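Report on the following structure.
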Amino acid sequence: MQKDTCGGHYFYLVITPKTRPKNHLPLKIFNFAARGVNCRKEFMERILFQDLGRVAYDEAWAYQEQLVRANLEIKARRYNSPDVAAADEGRTTHHLLLCEHPHVYTLGKSGHIENLLVNDARLKELNVSFFKTNRGGDITYHGPGQIVGYPIVDLEYFVTDLGKYMRNLEEAIIRVLAQYGIDGGRLPGSTGVWLDADVPGRARKICAMGVRCSRWVTMHGLALNVNTDLRYFDYIVPCGITDKSVTSLAKELGRPVDEQEVKTLLWHEFGTVFEAEIVAPPVTVAGL
C-alpha cells in the first residue's frame, strides 16, 4: 500500500484493475483536487504509465537508466537514514513504459554474437541498428509493429522473486492474447510467451522477454509481436533457439491488429496481474 499526495488541478487517469467483460476497456478520470478530495490516503501500489510512441532504442534505454538510477538513489538514502525510510520521499516510483522502436537487433549480456547472422554491411543495407545490452537473454529483434514494454518497478513492493516476476509478465501477455481468442502459454526452460508450446514442431514465440534487476529495481522487459515484419527474424537466431519459430498477432489472426487497442489491453492486464493502479501522469514527457 502507498500514500499519495495530490496537488494543483491536474487530471489523473486512473485505471482500476478489476475484472471486466471481454473487449470492454473501462477508463475512469478523476480530478482529485477540483473535487476537494483528501488525496493523502492509502492506495494500492501505483505504476506510472507512459506511451513513448516510436523512439530510438538507445534513447529509450537511457531513459530507463535514468528512472532506475533515481530509484536506486532513493533506496540508498532510505538505507542510510531511518528518517527518510519513514517519509514519503523514501518511496521509490514504479513505471510502465510502452513504445515501438525502429529496426534494431539487441544482444543480451549472456548472448552469443554468432546468433547475429549478418555482417555490418548487410545491417546497413537493411537499415537495422545493433546494440549489446545489459539485459538477460540472447539476441532479439525490435521494430515497427511490435509493442515493447519496459516496467521499471521496485519488486520490494511486489515480490522479491525474479522468477515470479517473469511469470507475472508472461501472465499479462497471456491474458492479452486471450482477448483475441489466442491460447498463449509457456515453454518449460524458456522465458516468454509461446503458442502450441506442447506440440512438437509447432511451438512458436509471440512475445520475447529479457530483464535486468538492480537491488530489486527492474528494467528492460518484453516485446510483443503485433503487426511485426517477421522477415527480420530471418537474420538472427532469435533468443538463441534454433528449432522454434516466431509469430505475431497479425499472422495468427490473418489480419492487421489495432496496436493502440493492444497497448490498452496490455497496461490493463499488467495492472490486474500486479494488483496495482496504472496511472497516466498529467504531463507527457516531451522527448527523452
Side-chain angles (χ1 to χ4, degrees), residues 47-76 92-113 115-116 118 120 123-124 126-155 162 165-166 169 172-173 191-192 205 207-226 228-229 232-233 235-236 238-240 259 263 266-267 270 278 280-281 283-288:
I47 300 176
L48 301 183
F49 167 71
Q50 293 178 21
D51 184 346
L52 303 181
R54 183 173 294 189
V55 58
Y57 182 82
D58 54 343
E59 294 180 14
W61 185 4
Y63 186 44
Q64 290 182 77
E65 293 280 9
Q66 174 187 328
L67 297 176
V68 169
R69 186 164 54 251
N71 276 336
L72 293 181
E73 289 173 355
I74 289 171
K75 297 187 82 165
T92 48
T93 303
H94 313 298
H95 301 267
L96 174 60
L97 313 177
L98 296 184
C99 65
E100 179 184 275
H101 294 309
H103 302 297
V104 60
Y105 295 125
T106 66
L107 184 69
K109 59 185 180 182
S110 60
H112 302 280
I113 191 62
N115 288 327
L116 176 63
V118 293
D120 290 345
L123 285 175
K124 188 174 182 179
L126 293 168
N127 195 29
V128 181
S129 302
F130 173 76
F131 290 93
K132 291 183 178 180
T133 77
N134 59 354
R135 62 163 173 80
D138 207 287
I139 196 166
T140 195
Y141 162 77
H142 302 306
Q146 182 190 75
I147 295 175
V148 179
Y150 295 130
I152 314 295
V153 296
D154 185 351
L155 293 182
L162 198 55
Y165 171 67
M166 298 299 292
L169 291 183
I173 297 298
T191 59
K205 181 178 278 190
C207 182
M209 296 181 179
V211 304
R212 176 179 172 82
C213 188
S214 301
R215 296 188 63 186
W216 296 115
V217 178
T218 68
M219 64 179 295
H220 298 294
L222 59 90
L224 175 62
N225 295 326
V226 181
T228 315
D229 185 344
Y232 283 87
F233 286 97
Y235 303 107
I236 62 174
C239 302
E259 293 169 31
K263 286 181 179 180
L266 179 51
W267 53 244
F270 190 93
I278 308 298
V283 179
T284 301
V285 173
L288 301 181

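Along the sequence shown, residues carry numbers from 1. Fair warning: this is a prediction, and the values are worked out from it, not measured in the lab.
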Any side-chain heavy-atom pair of Ser129 and Tyr105 under 4.5 Å: no
Closest non-hydrogen atom pair, Leu52 against Cys99: CB-CB, 3.9 Å
Minimum side-chain heavy-atom gap Leu224-Ile173 below 4.5 Å: yes
Heavy-atom check, side chain of Arg212 versus side chain of Lys109, under 4.5 Å: yes
Test applied, side-chain contact (heavy atoms from CB on, under 4.5 Å); reference residue, Ile139; option that passes from Leu107, Thr106, Ile113, Thr133: Leu107
His103 and its ring-ring contact (aromatic ring centres under 6.0 Å, His included) partner, picked from Phe130, Tyr235, Tyr232, Tyr57: Tyr232
NZ (Lys132) with more than 12 external heavy atoms under 6.0 Å: no
Test side-chain contact (heavy atoms from CB on, under 4.5 Å) applied to Leu116 and Leu123, step by step: CA-CA 10 Å; Leu116 176 63; Leu123 285 175; 4.2 Å; yes
Residue pair Asn134 / Glu65, side-chain donor-acceptor N/O under 3.5 Å: yes
Ion pair Lys75/Asp154, N-O distance below 4.0 Å: yes
Parallel, tilted or perpendicular: ring planes of Tyr150 versus His220, cut at 30 and 60 degrees: perpendicular
Straight-line distance of Lys263 NZ to Glu100 CD, nearest 0.5 Å: 6.5 Å
Which residues share a side chain to side chain contact (heavy atoms under 4.5 Å, CB included) with Gln66, sequence neighbours left out: Tyr63, Arg69
Phe233: ring-ring contact (aromatic ring centres under 6.0 Å, His included) partners, not counting sequence neighbours: Tyr141
Any side-chain heavy-atom pair of Val153 and His95 under 4.5 Å: no
Parallel, tilted or perpendicular: ring planes of Phe131 versus Trp61, cut at 30 and 60 degrees: perpendicular
Side-chain donor-acceptor pair present, Asn71, Thr92, cut-off under 3.5 Å: no
Donor-acceptor contact present, side-chain Asp138 to main-chain Gly108, <3.5 Å: no
Validation row: Leu98, Val148 side chains within 4.5 angstrom (heavy atoms): no
Shortest non-hydrogen contact from Leu162 toward Cys213: CD1-CB, 4.1 Å
Leu72 versus Ser214, closest heavy-atom pair with distance: CD2-O, 3.4 Å
Min side-chain heavy-atom separation Val211-Leu169 under 4.5 Å: yes
Atom of Gly145, atom of Glu259 and distance for their closest heavy-atom approach: CA-OE2, 3.5 Å
Taking every non-hydrogen atom, the tightest pair across Pro144 and Arg54: CB-NH2, 3.4 Å
Side-chain (Gln50) to main-chain (Leu96) donor-acceptor, under 3.5 angstrom: no
Any donor-acceptor N/O pair, Thr140 side chain to Cys239 backbone, under 3.5 Å: no
Flag side-chain contact, heavy atom, 4.5 Å: Ile47 against Ile152: no
Minimal non-hydrogen separation, Pro102 against Val55, with atom names: CD-O, 3.3 Å
